[in-house]
Amino acid sequence: MELHNLADFLAASGARYQVFDLGRRVSPLPQSDFERYASGQAPYPFPLQRQAWLGILFWKEQPYVWFVRLGLDEQGLINQGQAAQFMAQVLAAMKEGKDALPDNPYTFVPSEEKRAAFHSQARLYLGQGASLFYEEAAAFARGQLNDWQRLGLQGLADLVARDRQSDHFIAFIASAPEPVLAQVAIQLENYPIDTALAEALWQRVNALPQLIARALAQSPLQTEAADKLLALGDIQSLLVVAGRLWEALMDNARLGRFLEAAARCDDGRHFQALFADLVMVPALRSQLLAKLRDPARSDILGQAIGRLF
């Protein structure tokens with residue numbers, strides 16, 4: 001078998017595999033979709049900092065994990081040269097009998113929150129039980145444990161992965177101490193959630209607006225969360241909208257409000273970075289490019305756009 005791309009490489013290994021996106025959220029990629037992205041037939045849909053951030057879970061007798069990041073070209077396609085270099089380095093290490101990936105510029109260490117979410121999802125995908133930390137988190141959520149400071153991040157990640165649709169979870173969200181709620185909110189951004197849970201989260205949005213908005217990223221209240229942050233207009237709020245609530249910007253009017261807010265925030269110093277990040281998202285690219293020619297834009301937005309060139 002000729003190895004033209006990363007999907008071919010994984011298939012040739014004889015192992016079963018599942019690829020997760022670890023960029024904007026932690027979510028599994030359907031294998032047929034990943035094959036299209038890997039072969040350059042379609043732009044990568046969830047770019048972050050002009051890269052595809054991948055968690056690759058593969059297994060024969062036992063599971064292994066690679067965290068791989070690959071650059072994207074101007075069309076948002078995976079850089080095939082970088083993929084080829086990564087595969088060559090892996091093959092060289094295998095010939096030397098090494099089990100671990102060699103040091104190379106294409107591997108990365110995810111943040112603690114993303115790593116916890118990935119391991120929770122990977123265990124579920126493999127049909128494995130939760131981590132050792134899950135029981136205390138589950139007991140706390142059910143009101144059977146009072147000391148929240150004993151809870152570990154991995155336990156809370158497992159709790160969200162396994163219990164977010166349970167009857168007791170909404171009551172837990174309503175009463176959880178803010179430090180616990182903050183960690184739970186970051187984990188919830190990785191999953192679709194229903195209206196009842198979204199409304200329970202919304203009741204606490206004023207206490208932790210950016211974090212609750214992240215939790216609502218895949219909920220029926222996504223657009224309300226985006227509007228809440230756009231009204232705040234600070235850089236942290238805009239980063240959450242761009243990084244986690246980007247689907248809300250597919251509404252042209254809301255996209256316009258986002259660009260206006262970005263142009264005004266801190267005298268527009270973050271505008272170029274925000275625009276450059278979002279214009280790589282295939283679902284937003286054409287709308288953003290059209291905004292460059294919008295005659296109805298404000299003078300401040302026009303000046304910010306002018307500084308792009």
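Just so you know, these numbers come straight off a predicted model, no measurement behind them.
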Looking at every heavy atom in both I305 and K291, which two are closest together, and how far apart are they? CD1-O, 3.8 Å
Would you say that H168 contacts D163 through its side chain, given a criterion of any heavy-atom pair below 4.5 Å between the two side chains? yes
Looking at every non-hydrogen atom in both residues, tell me the closest pair between A198 and L221 and how far apart they are. O-CD1, 3.6 Å
Can D251 and R257 be said to form a salt bridge (charged side-chain N to carboxylate O under 4.0 Å, His left out), step by step? CA-CA 10 Å; D251 176 83; R257 293 201 301 275; 5.2 Å; no
d(F67 CZ, L57 CG) to nearest 0.5 Å is 9.5 Å
Mind listing the closest non-hydrogen atom pair of A137 and G155 along with its distance? CB-O, 3.4 Å
Is it the case that the side chain of Q218 and the backbone of E189 share a donor-acceptor pair, with hydrogens and angles ignored and the cut-off at 3.5 Å? yes
Which distance, rounded to the nearest 0.5 Å, do you find between the CG of L245 and the CD of E224? 11.0 Å
For the side chain of R285 and the backbone of Q75, is there at least one donor-acceptor N/O pair under 3.5 Å apart? no
If you take all heavy atoms of Q154 and S131, which pair is closest and at what distance? CG-OG, 3.5 Å
I'd like to check R123 versus R162 (side-chain heavy atoms, cut-off strictly below 4.5 Å). Are they in contact? yes
Do the ring planes of Y64 and F58 sit parallel (below 30°), tilted (30 to 60°) or perpendicular (above 60°)? parallel
Aromatic plane relationship, Y44 with F46 - under 30° parallel, 30 to 60° tilted, over 60° perpendicular: perpendicular
Determine yes or no for a side-chain-to-main-chain donor-acceptor pair under 3.5 angstrom, with S219 supplying the side chain and A215 the backbone. no
Any side-chain heavy-atom pair from L22 and L54 closer than 4.5 angstrom? no
How about D33 and R36: do any of their side-chain heavy atoms sit closer than 4.5 Å? yes
Go through the steps for F34 and Y37 under the test ring-ring contact (aromatic ring centres under 6.0 Å, His included), then give the verdict. CA-CA 5 Å; F34 172 70; Y37 309 145; 7.4 Å; no
Cluster link L153 to F169, ILVMFWY, side chain under 4.5 Å: no
Before you tell me yes or no, could you show the steps for Q82 and Y106 under side-chain contact (heavy atoms from CB on, under 4.5 Å), namely the whole-Å CA-CA distance, both residues' side-chain angles and the distance that decides it to 0.1 Å? CA-CA 8 Å; Q82 290 187 9; Y106 308 116; 3.7 Å; yes
For W59, does its backbone N or O pair with a side-chain atom of R16 as donor and acceptor, under 3.5 Å? no
Grab the two heavy atoms, one from L238 and one from G233, that are nearest each other, plus how far apart they are. CD1-O, 4.0 Å
If the test is ring-ring contact (aromatic ring centres under 6.0 Å, His included), which one of F20, Y125, W53 qualifies with F118? F20
Would R164 pass as a cation-pi partner of Y191, given that its NZ or CZ must be under 6.0 Å from the six-membered ring centre and within 45 degrees of the axis? yes
Which value, rounded to the nearest 0.5 Å, describes the distance between L259 atom CG and L278 atom CG? 8.0 Å
Main chain of R244, side chain of R25: is a donor-acceptor contact present, judged purely on distance under 3.5 Å? yes
Quick one: does any side-chain atom of Q187 pair with a main-chain N or O of E113 as donor and acceptor, under 3.5 Å? yes
Are I212 and V241 connected into the same hydrophobic cluster when the rule is that any two of I, L, V, M, F, W, Y join if their side-chain heavy atoms are below 4.5 Å apart? no
Under 3.5 Å, side chain of Q18 to main-chain N/O of L29, donor-acceptor pair present? yes
So which atom in W66 and which in F9 form the shortest heavy-atom distance, rounded to 0.1 Å? CH2-CE2, 3.8 Å
Around E74, counting heavy atoms of other residues, nucleotides and ligands shown, do more than 12 lie under 6.0 Å from its CD? no
Can you tell me if CG on L132 sees more than 12 non-hydrogen neighbours from other groups inside 6.0 Å? no
Is the backbone N or O of P47 less than 3.5 Å from a side-chain atom of R24, with the two atoms forming a donor-acceptor pair by type? yes
With a 4.5 Å heavy-atom cut-off, do S27 and N190 have their side chains touching? no
Are W148 and L156 grouped together when hydrophobic residues (ILVMFWY) are joined by side-chain heavy atoms under 4.5 angstrom apart? yes
